[in-house]
Amino acid sequence: MTEHTSDLLRLLSSRGYIHQMTDATALDALAAKQIVPGYIGFDPTAPSLHVGSLVQIMMLRRMQQAGHKPIVLMGGGTGKVGDPSFKDEARRLMTGDTIASNIASIKTVFERFLTIGDGPTDAVMLDNADWLDKLEYIPFLRDIGQHFSVNRMLSFDSVKLRLDREQSLSFLEFNYMILQAYDFLELSRRNACRLQMGGSDQWGNIVNGVELARRVDGTEVYGLTTPLITTADGGKMGKTMAGAVWLNAEQLSAYDYWQFWRNTDDRDVGRFMRLFTDLPLDEIARFESLSGAEINEAKKILADAATAMCRGEDAARDAAETARKTFEEGSGGDALPSHSVGSDSIGIVDALIALGLAASKGEARRLITGGGARIDGEKVDSEAAMVTLGDQPVKISAGKKNHGLLTR
């Protein structure tokens, strides 16, 4: 491991965030002598970010912990275009009202991870629509477009893969990387921003911004990317059979969020603790040495810490208690997902779908056929089975780990 002199790179390196840097030595020296403003951009494609964005949010948190200034850049402007990076097709274009609504919703999550304010290391939240919406096309082409080689843009993996598959890449999307590079130039001018961070798929876009700032203003800025975060079995981080693991409470209950972390593969526990919690490294090393039943306790600690950071201490405590009641006592808990039927009975297939335990009737039927569906702990033998409701909630289970409550 490279020996860094700055607290920033030492912290990022020790916890596993660094994949590539444009000039590690110069960035290290800069971070050792001054407060470095650094940014990450987030496009508002939904009302909430999901766990796939969490490593980037944690990078901003680490910046602040190391005494530097995080900049959260909301893509109110670029969100009108859509990032083509490693997408099979163009994103659906959103209205201005949808973008504004999504940004307002997403902002609430950052308040849990960062100290936002006017101090030298307080985080700030900006919107690139503030400058992108005002651009004039001809001056932009003349002043900025001249610095981009189409030949080189075509060589970036994010573009090349789309073209190799003979999938359409619109001119609108092709502009995205120029706009992202321009964001870095604007932030360098407006906020003395010297660092852009992002996932490994953003390397080409980040390099463009570094080079643009140098060519246009003669300013030295830097780029840093994180490795692609996959699970031990090779899956994509944050993708589950039930869908995306959303950060906002409105999109996913605290119990389901806690349960996602509790279900971490044994091999991922230490790595996820380093990336997604503030637990000390020596404590994490001790957890990594555990096995068997003991590693399950470590998973609960990971779930508690990750949930408390995103949803608050009370939500984490309630989720953990619900899990304990569900798995240790065999009873339900207040934080389990619930659904009010409005009648005295409901078919088991419809019940599984209503509680989000199955995404479709086909999936619900396969779950029943495989013996994975239960009503109050009793295995369901037929997809025609009915759930009868009385005064007490009825617990519906899909496998050993997913549960919900039905009420009348």
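If you read the sequence from its start, that first residue is 1, and numbering goes on from there. The figures that follow rest on heavy atoms only: side chains count, while hydrogens, waters and symmetry mates do not. Everything numeric in this text was worked out from a predicted model, so none of it was measured.
Taking 4.5 Å as the limit, some side-chain heavy atom of Leu60 sits within range of a side-chain heavy atom of Met197. You'll find the side chain of Gln180 stays beyond 4.5 Å of the side chain of Asn208, heavy atoms only. Side-chain contact between Trp131 and Leu187 is present, with heavy atoms from C-beta onward closer than 4.5 Å. With contacts defined as side-chain heavy-atom distances shorter than 4.5 Å, the pair Val55/Phe276 qualifies. Using a 4.5 Å heavy-atom threshold, the side chains of Val72 and Ile116 count as separate. Using a 4.5 Å heavy-atom cutoff, the side chains of Asp183 and Tyr39 are in contact. Using a 4.5 Å cut-off on side-chain heavy atoms (C-beta onward), Glu186 and Asn128 make no contact. Using a 4.5 Å heavy-atom cutoff, the side chains of Leu30 and Tyr222 are in contact.
The two atoms that bring Val221 and Cys193 nearest to each other are CG1-O, 3.7 Å, heavy atoms only. In plain terms, the two heavy atoms of Gln251 and Pro47 that are nearest each other are NE2-CB, 3.7 Å. Residue Phe287 comes nearest to Ala298 through the heavy atom pair CD2-CB, 3.9 Å, listed as atom of the first residue, atom of the second, then distance. Nearest heavy-atom pair across Arg112 and Arg61 is O-NH1, 4.0 Å. For the pair Ile284 and Gly270, the tightest heavy-atom approach, listed with the atom from each and the gap, is CG2-O, 3.5 Å. The two residues Ile368 and Ser382 make their nearest non-hydrogen contact at CG2-C, 3.9 Å.
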Item to check | CA sep, side-chain torsions, deciding dist, call: Gln196, Gln202, side-chain hydrogen bond (donor to acceptor under 3.5 Å, both in side chains) | outcome: CA-CA 10 Å; Gln196 182 184 173; Gln202 295 298 315; over 6 Å; no
Next on the checklist: Pair Asp350, Val387 - check side chain to side chain contact (heavy atoms under 4.5 Å, CB included), show working.
Outcome noted: CA-CA 10 Å; Asp350 291 333; Val387 183; over 6 Å; no
Item to check | Worked verdict on Val109 versus Leu49 for side chain to side chain contact (heavy atoms under 4.5 Å, CB included) | outcome: CA-CA 8 Å; Val109 165; Leu49 299 174; 5.8 Å; no
Checklist entry - Could you walk me through whether Tyr255 and Asp318 pass the side chain to side chain contact (heavy atoms under 4.5 Å, CB included) check? => result CA-CA 8 Å; Tyr255 173 78; Asp318 290 347; over 6 Å; no
Checklist entry - Checking side-chain hydrogen bond (donor to acceptor under 3.5 Å, both in side chains) for the pair Ser200/Gln20: CA distance, chi angles, key distance, verdict? => result CA-CA 8 Å; Ser200 56; Gln20 290 173 292; over 6 Å; no
Checklist entry - Asp97 and Thr95: side-chain hydrogen bond (donor to acceptor under 3.5 Å, both in side chains), yes or no, with the steps? => result CA-CA 5 Å; Asp97 287 346; Thr95 66; 5.4 Å; no
Next on the checklist: Run the side chain to side chain contact (heavy atoms under 4.5 Å, CB included) test on Leu275 and Arg15 for me, step by step, so that the C-alpha distance in whole Å, both residues' side-chain angles and the decisive distance to 0.1 Å come before the verdict.
Outcome noted: CA-CA 6 Å; Leu275 289 170; Arg15 297 191 82 102; 5.6 Å; no
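The closest donor-acceptor contact from the side chain of Arg214 to the backbone of Gly209 lies at 3.5 Å or more, if one exists at all. Side-chain N or O atoms of Asn205 include none that pairs as donor or acceptor with a backbone N or O of Met177 at under 3.5 Å. A donor-acceptor pair is defined here as one N or O able to donate and one able to accept, closer than 3.5 Å; such a pair exists between the side chain of His68 and the backbone of Val36. A side-chain donor-acceptor contact under 3.5 Å links Thr22 to the backbone of Gly223. In this structure, Thr264 contributes its side chain and Asp268 its backbone to no donor-acceptor pair below 3.5 Å. Using modelled atom types, one side-chain atom of Lys69 and one backbone atom of Asp122 make a donor-acceptor pair closer than 3.5 Å. No donor-acceptor pair closer than 3.5 Å links the side chain of Asn248 to the backbone N or O of Ser48. No donor-acceptor pair under 3.5 Å is formed between the side chain of Ser13 and the backbone N or O of Arg10. The main-chain N or O of Asn102 is never found under 3.5 Å from a side-chain atom of Ser105 such that the two would form a donor-acceptor pair. A donor-acceptor pair is defined here as one N or O able to donate and one able to accept, closer than 3.5 Å; such a pair exists between the side chain of Asp28 and the backbone of Thr5.
Each of Arg262, Glu297, Met273 was evaluated against Leu302; a single residue qualifies, Met273, per the side chain to side chain contact (heavy atoms under 4.5 Å, CB included) test.
With no hydrogens or angles considered, a side-chain donor-acceptor pair links Gln56 and Thr226 at under 3.5 Å. In this structure, a donor-acceptor pair under 3.5 Å is present between the side chains of Asp233 and Thr231.
The line from CD1 of Ile295 to NZ of Lys300 is 12.5 Å long, rounded to the nearest 0.5 Å. Here the CZ-OG1 distance, from Arg317 to Thr307, works out to 12.5 Å after rounding to the nearest 0.5 Å. One distance of note links CD of Glu211 with CZ of Phe148; it measures 8.5 Å at 0.5 Å rounding. Annotation: the span from Ile396 atom CD1 to Leu352 atom CG amounts to 6.5 Å, rounded to 0.5 Å. Here the OG1-CD1 distance, from Thr78 to Ile178, works out to 13.5 Å after rounding to the nearest 0.5 Å. Rounded to the nearest 0.5 Å, atoms CD1 (Ile103) and OG1 (Thr108) are 12.5 Å apart.
Remark: Arg62 is not positioned above the aromatic ring of Tyr17, lacking an NZ or CZ atom under 6.0 angstrom from the ring centre and at most 45 degrees off the axis.
With salt bridges taken as basic N to acidic carboxylate O contacts below 4.0 Å, none links Lys299 and Asp265. One finds no salt bridge joining Arg366 and Glu363 here, because no Lys/Arg side-chain nitrogen approaches an Asp/Glu carboxylate oxygen to under 4.0 Å.
Remark: Gln34 CD is packed, more than 12 non-hydrogen atoms of other residues, nucleotides or ligands lying under 6.0 Å away. By the 6.0 Å contact criterion, CD on Glu250 is enclosed, its count of non-hydrogen atoms from other residues, nucleotides or ligands being greater than 12.
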